Amino acid sequence: MIMILITTDVRHGGPRPGVAAGTIGLTLFSLGMFLGPQTGFAVNPARDFGPRILTAMVGYGREVFTFRHMYWIWGGILAPIVGAVLATFMYDFFIYMGADSVFSFS
């Protein structure tokens with residue numbers, strides 16, 4: 001999330017046109033390569049929750065939601081959301097200096 005915020009911030013120079021998409025794509029590719037096998041590429045909550053709902057409707061029942069003490073809700077849904085919010089606050093506090101900052105000290 002911090003990389004996306006840095007790449008799309010035009011107040012700090014921003015990238016040239018066309019470079020932002022490659023930078024964000026390369027960041028997501030590297031996350032998928034290095035953390036994908038361990039976490040199931042849990043960057044987007046829809047990658048886990050959608051198939052889980054479908055398998056429940058197909059016939060697997062409630063077991064898809066109660067398997068292994070509901071680890072899926074922490075690692076697959078809540079962790080990316082909370083991590084993105086915390087990264088945005090860190091970026092706003094340490095890097096962003098705009099007038100619309102939540103942590104405006106001026």
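For clarity, every value in this text was computed on a predicted model and none was experimentally measured. Just so it is clear, the values below take in all heavy atoms, side chains as well, and ignore hydrogens, waters and symmetry mates.
- From Ile24, atom CD1 reaches atom CG of Leu26 across 11.0 Å, with rounding to the nearest 0.5 Å.
- Note: the hydrophobic cluster containing Trp74 also contains Ile81 (ILVMFWY, side chain heavy atoms under 4.5 Å, direct or indirect links).
- With a 6.0 Å radius and a threshold of 12 heavy atoms from other residues, nucleotides or ligands, Tyr60 has its OH atom at or below the threshold.
- Among all heavy-atom pairs drawn from Ala84 and Met1, the shortest one is O-CG, 3.7 Å.
- Proximity of Thr88 to Leu5: side-chain heavy atoms (C-beta onward) are separated by under 4.5 Å at one or more points.
- Under a hydrophobic clustering in which Ile, Leu, Val, Met, Phe, Trp and Tyr are joined whenever their side-chain heavy atoms come within less than 4.5 Å, directly or via other members, Phe29 and Ile2 fall into different clusters.
- Cluster annotation: Leu54 is connected to Ile73 through the hydrophobic network of ILVMFWY side chains, with a link wherever side-chain heavy atoms come within less than 4.5 Å.
- Hydrophobic clustering, with ILVMFWY side chains joined whenever heavy atoms are under 4.5 angstrom apart, groups Ile6 together with Met90.
- The shortest heavy-atom contact between Asp9 and Tyr96 is OD2-CD1, 3.7 Å.
- Connection of Phe94 to Val85 is established within a shared hydrophobic cluster, with ILVMFWY side chains joined at heavy-atom distances below 4.5 Å, either directly or through further cluster members.
- The two residues Gly61 and Val64 make their nearest non-hydrogen contact at O-CG2, 3.4 Å.
- Here the straight-line distance linking atom CE of Met3 with atom OG1 of Thr8 works out to 10.5 Å at 0.5 Å rounding.
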